[in-house]
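For the single chain, residues carry numbers from 1 onward in sequence order. Every number for a ligand or one of its atoms is a count from 1 in the order of the listing. Atoms considered below: every heavy atom in the structure, side chains included; atoms not considered: hydrogens, waters and symmetry mates.
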Amino acid sequence: MNLPTAREALKKYFGYDSFRPMQDEIIQSVFDKKDTLVLMPTGGGKSVCFQIPAVTLPGTAIVVSPLISLMKDQVEGLRANGIRAAFINSSLPFDELRQVEDDLFNGHLDLLYVSPEKIVSREFLPLLKKVNVNLFAIDEAHCISGWGHDFRPEYSQLQFLKTLNPDVPIIALTATADKVTRRDILKQMGMENAEVFISSFDRPNLSLEVRPGLKRMEQIVRFVKDRQGQSGIIYCLSRKSCEDVAAKLLSKGVKADFYHGRMSSGERSKVQEDFINDVTPVVCATIAFGMGIDKSNVRYVIHYNLPRNMEGYYQEIGRAGRDGVDSETVLFYSFADVMSYRRMYENEPGEQTALKLAKLDRMYQYSTAQVCRRKILLNYFNEHLREDCGNCDICRNPPKLIDGTLNAQKALSAVARTKETVGLNLLVNILRGSRAYAVISGGYHNIKTYGAGADTSYEEWRHIVEQFIHLGYLDIAHDENNKLKLNAASKEVLFDGRKVDIISYESYKKREEEGKKAKTKPKSERERVRDGLFDHLRTLRTKMARKAGIPPYQIFSDKTLEEMAAMRPTEDHEMLDVSGVGEQKMEKYGQAFIKSILGYAKINNIPLSTFKNRQAREVIVPEGKPTLSRPKENIPPEDAGLSTFERTLKYYNQGKNVKEIAEQRNMSPVTIAGHLVKFYTEGGNIDVHRFVSKEEIQAVIDKLPLYIKEEKKMRPVYEALGEKISYDKIRWALAYHEKRMKEIPR
Ligand code: ADP
Ligand code: ZN
């Protein structure tokens, strides 16, 4: 098997034009029958690495996956692309199990997903020995290792796969494995000679933003309301805040729900289902939410509370933007969160406490850092970004340093005058001259610095004093109810004239305003049309998904809809050219979406020619993000004046075949064939028999009633012919027939 075939399969089944970095090398390694270990972040495109070999190699690929709740979803997604997939786990009723086993035995499956319990079970082994397995894929491979964070005992028995059949390559895939875990996976699976692929963990489509946690509820309401209808997750630490945030959003007219461990499993799956199906856009949840779902169009993730460590944070924000579309993440940090974690850890003594505290510190440092956030984040995972990312709050709005010495003197002297008996909140109230009970009853209104900072808001003072703590000018006595204490540095400020630089509060305020401004910036005509059409297509997608009982993103991803909205395809071959439209989906949904585009264009009086303009692709795939763009076509100067369609014809007339033209033009063979079919049906001079024989045409015409009865779908014809005549040939045969019918005089 070779890579051009793999590329063809990628277009045919998934509708993608090119592999992402590393995918092709990984697939080649499997083709070469080498054991392979793949480390890629969530959403990086791991699945394709075993799914493409599975559909191109003879036999069946066995996929071991521990996430039973995901299996059904994954299998349905594959089937929607015309791939023969099934799953076996404990949730499957007996008769369905029988059917799957029969299909497996008879070689009718490209992929079989199996739970680890099942694959190591005694019943399954005899069957496994009888079937032609082309590869074993171990998903979530970190579960093998006791060093990983999600150890599954059954996984450690998987080494029998290598002894069972040493010739079948194993591909192990995971999104989280440090060096020790990696070594452990290789050793336990008996695949020490494996090729190892480690891709960057960067997720450039996720923006990173940290905001101080003051008035976060208001900020969240504003944020969510600005993004009506988009899917988002708001992570909260406690059950109560999940409920409170959801209630607040509801009261502001936002459809939101909550999810936490105290709810019954029935209630929880209802919330999850509604989220997946775009019924409820916003869910306020504890971190368990999102683990068992694969929803690709989560547009933002908000942390209402500080995550406990960087690993968790990265995993949670990673649930946004799996489809590669730009997505936002916002973390609200507050000192109170740090203190409540500390209290919690210190009350549960164990050997891990020091480690947990250290990880918490790193998290807090990340939140308060003043350099590119992505640099810090990737650095934590041992990856080094050379340039600043340009897609975090710091890069977009570099903080401004100001002289904070005077404020430091006021605050530190107040701490001294209260004899180090107050916490953060009370200190700020004293500085602002508040008449709060705690101030008066403590007699703090009598000290000299009472009201010394009355001209500065409460929020700004919190921001300032937190920085003093962070910079080391004030200590917190965790064992004394978090009272503020002076240290050597504070004394230098108070008595030796030491200067203190702090980040201006304006920098923070400005960041939020910048975010708002970006939203209200007037749109260009092109953007307006694109966004309008996108919403229009999204509505159609929801409607069709409801009817079919599947999640909307399984019909087309947001990325695919965005591209459709930008390119406005109105013909089959144009639609097939949209990234994410494979043959099966073209047949099932293509016409409906084309109709919808035509309808929208008519009502809104917009031209449809965008597709012909190749630059449209650049609008949605900006430079520097090569993931989805295909390599540019290299157009010889003498052909520059020709349309894409005319170029295909010219090369065809030079005697080239579809594959050669596709390779020359860096386009998919399906698109090229589409050009030729179109030309032919419009009366062009093409020898059909170069593509399909007389016998094959006759066979297809014999099945014509099926084609007509099934709303002009090719699949029933394909199946009725025993899957022996390819879709391409069927398309040619139908075109031949159509042309003949036109030629009959009436
Ligand atoms: P992972 O398993 O690593 O989390 P997936 O395999 O689910 O990631 O892929 C994430 C998304 O990217 C999916 O929507 C998938 O269809 C898409 N994708 C994968 N490979 C490509 C590619 N070569 N071109 C375009 N999209 C791709
Ligand atoms: Zn940055």
If you measure from each non-hydrogen atom of [X] to ligand 1, which part falls under 4.0 Å: side chain, backbone, both or neither?
| X | answer |
| --- | --- |
| Ser47 | both |
| Phe19 | backbone |
| Ser557 | neither |
| Ser18 | backbone |

Exercise. Parallel, tilted or perpendicular: which describes the rings of Tyr313 and Tyr366, with under 30° parallel and over 60° perpendicular?
Worked result: tilted

For this session: Take the angle between the ring planes of Tyr113 and Phe50 and call it parallel below 30°, perpendicular above 60°, tilted in between.
Result: perpendicular

Under 4.0 angstrom from ligand 1, any heavy atom of [X]?
| X | answer |
| --- | --- |
| Gly324 | no |
| Ser579 | no |
| Met40 | no |
| Pro41 | yes |

For this session: Please could you name the atoms of ligand 1 that Val48 approaches to less than 4.0 Å, counting only its heavy atoms?
Result: 19 (C), 20 (N)

Problem set entry | N/O separation below 3.5 Å, Leu10 to ligand 1 | no

Exercise. Short N/O distance, under 3.5 Å, between Asp323 and ligand 1?
Worked result: no

Carboxylate-amine/guanidinium proximity below 4.0 Å for [X] and [Y]:
| X | Y | value |
| --- | --- | --- |
| Arg84 | Asp110 | yes |
| Arg227 | Glu328 | yes |
| Arg541 | Asp558 | yes |

Seminar exercise, completed: In this structure, the Zn ion (ligand 2) sits at the vertex of an angle between SG of Cys392 and SG of Cys389 that rounds to 10° as 110°

Exercise. Hey, does Leu161 have a side-chain heavy atom less than 4.5 Å from the side chain of Ile119?
Worked result: yes

Problem set entry | Side-chain H-bond candidate by donor/acceptor type, Asn89 with Ser91, under 3.5 Å | yes

Problem set entry | Flag for Thr542-Asp278: side-chain donor and acceptor within less than 3.5 Å | no

